[in-house]
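These notes are about the structure you will find just below.
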2 protein chains.
Amino acid sequence: MADHVDLVLEQWGEQRPDLDASPMAVLGRLKRLAQLVDAELRRNFARHDLDSASFDVLATLRRSNAEHSLTPAGLMRSSMVTSGAITQRLDRLEARGLVTRAPSETDGRGVQVTLTDDGLRLIDAVLPTHLETEQSLLAGLSKAEREQLADSLRTLLESLGDKRD
Amino acid sequence: MADHVDLVLEQWGEQRPDLDASPMAVLGRLKRLAQLVDAELRRNFARHDLDSASFDVLATLRRSNAEHSLTPAGLMRSSMVTSGAITQRLDRLEARGLVTRAPSETDGRGVQVTLTDDGLRLIDAVLPTHLETEQSLLAGLSKAEREQLADSLRTLLESLGDKRD
DNA sequence: TGAAAGTTGCTTAGCACTGAGATACTTTGT
DNA sequence: ACAAAGTATCTCAGTGCTAAGCAACTTTCA
């Protein structure tokens, strides 16, 4: 009944008993889990010749609307990376023929990114296995525990200013 | 009462109602939170001329034992990065005079990494502000909510094989 | 209407990580 | 005692990100 973070907290208690290291019980685990989950999801993406960044873009386009189309700024907001990262992700996806970039009709600065047929086929092929992988990662939690956990995480996200956007 | 992940789930419900996207309620939030928290902690580290990777190494050495000493392999286990990453982190810290590398006395292959006086001073200066930052990130949750959240995250970590190690 | 401020997407340099592989040493099993 | 397997650390090429800055365009407001 102990994970790596329990050890870390114990060590802090011995070496720096004057400090209150309790926030690490949440944030240390959060970081560690995110790393483990990422590594597992990456393995699934790799089976389809994808990386996490490409999946992120394709999935965001796929769910956004019936046209599977969005601006780079919209992709940036959704993925929380910088504009430079979005440009490079789109460069790679465009080179593989999975998305297209077209100048916006209304805004001279703007670009419209759209999933190609190949892109749509690929993301629709990966999605079911992706969700199976995610499901299996959560197998250690009951449905009720998952919902409670999701609620706590949402409360925390909202307290940090996360919005629907 | 809605965060970005609520929007994502809604969009999947519209574009792919056949899929069960519910795992994203937990894992999507986990990823998003980890990114937000990382960015905030980074800002604090930067005030002390540190990055997250360096803080990670210095803090691990600080809490490990009274000698503040560990092998690269031990650091690797704790931080979940590859051996190549540890080598490069140590190169940087050694160049700044914050840690030393000495050949192991018992194992010809081994190396012993130890915090220098400067390294100890630095990490002890950063730790209090780090914990304050973490505390403030969790301000949106009550003590009971934090404990419950930490428990759920530990259950999940253990189900994925995380050990005290 | 025109200047200032803001927005959008792209470019580039620098950085830190991964993954594969090399080297040196230790442990295991016969 | 010795070969085979295992372990510890480092090297290096490739990759993807950030941060800063730029150019083109739009919005705001006096």
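Reminder, nothing fancy here: chain letters follow the sequence lines and each chain counts from 1.
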Return the value, rounded to whole Å, for the distance between atom [atom1] of [X] and atom [atom2] of [N].
X: A/E105; N: D/dT26; atom1: CD; atom2: P; answer: 14 Å
X: A/I86; N: C/dT11; atom1: CD1; atom2: P; answer: 15 Å
X: B/M80; N: C/dC17; atom1: CE; atom2: C1'; answer: 14 Å
X: B/D38; N: C/dC17; atom1: CG; atom2: P; answer: 12 Å
X: A/R77; N: C/dT8; atom1: CZ; atom2: C1'; answer: 10 Å
X: A/L75; N: C/dG9; atom1: CG; atom2: C1'; answer: 12 Å
X: A/F45; N: D/dG16; atom1: CZ; atom2: C1'; answer: 16 Å
X: A/D91; N: C/dT11; atom1: CG; atom2: P; answer: 7 Å

Among the nucleotides [options], which one has an atom lying closest to any side-chain atom of [X]?
X: A/D107; options: C/dC17, D/dT26, C/dG9; answer: D/dT26
X: A/R89; options: D/dC17, C/dT11, C/dG9; answer: D/dC17
X: A/T87; options: D/dA8, C/dT18, C/dG9; answer: C/dG9
X: B/A53; options: C/dA16, D/dA8, C/dG9; answer: C/dA16

| query | Can you check whether B/D3 reaches B/R29 side chain to side chain, under 4.5 Å on heavy atoms? | reply | yes
| said: Quick check: do A/R154 and B/V5 have side-chain heavy atoms less than 4.5 Å from each other? | reply: no
Donor-acceptor pair present, [X] side chain and [N] base, under 3.5 Å:
X: A/Q88; N: D/dT15; result: no
X: B/T82; N: C/dC17; result: no
X: A/R109; N: D/dT26; result: no

Looking at every strand, decide which applies to [X] at a 4.0 Å heavy-atom threshold: base, sugar-phosphate, or nothing.
X: A/G108; answer: sugar-phosphate
X: A/R101; answer: sugar-phosphate
X: B/G84; answer: base
X: A/T71; answer: sugar-phosphate

| query | Of the options A/V99, A/L75, A/V81, A/D51, which is the one that meets A/R89 in a side chain to side chain contact (heavy atoms under 4.5 Å, CB included)? | reply | A/V81
| said: With no hydrogens and no angle check, just 3.5 Å: does a side-chain donor-acceptor pair link A/R109 and A/T71? | reply: no
| request: Would you tell me whether B/T116 and B/D118 have side-chain atoms, one donor and one acceptor, within less than 3.5 Å of each other? | output: no
| query | Does C/dC17 have OP1 or OP2 sitting under 4.0 Å from an N or O in the side chain of B/R92? | reply | yes
| message | Taking the nucleotide of DNA chain D with the nearest heavy atom to each, does A/T106 or A/A85 sit closer to the 5' end? | response | A/A85
| query | Of all heavy-atom pairs between A/L131 and B/A21, which one has the smallest distance, and what is that distance? | reply | CD2-CA, 4.0 Å
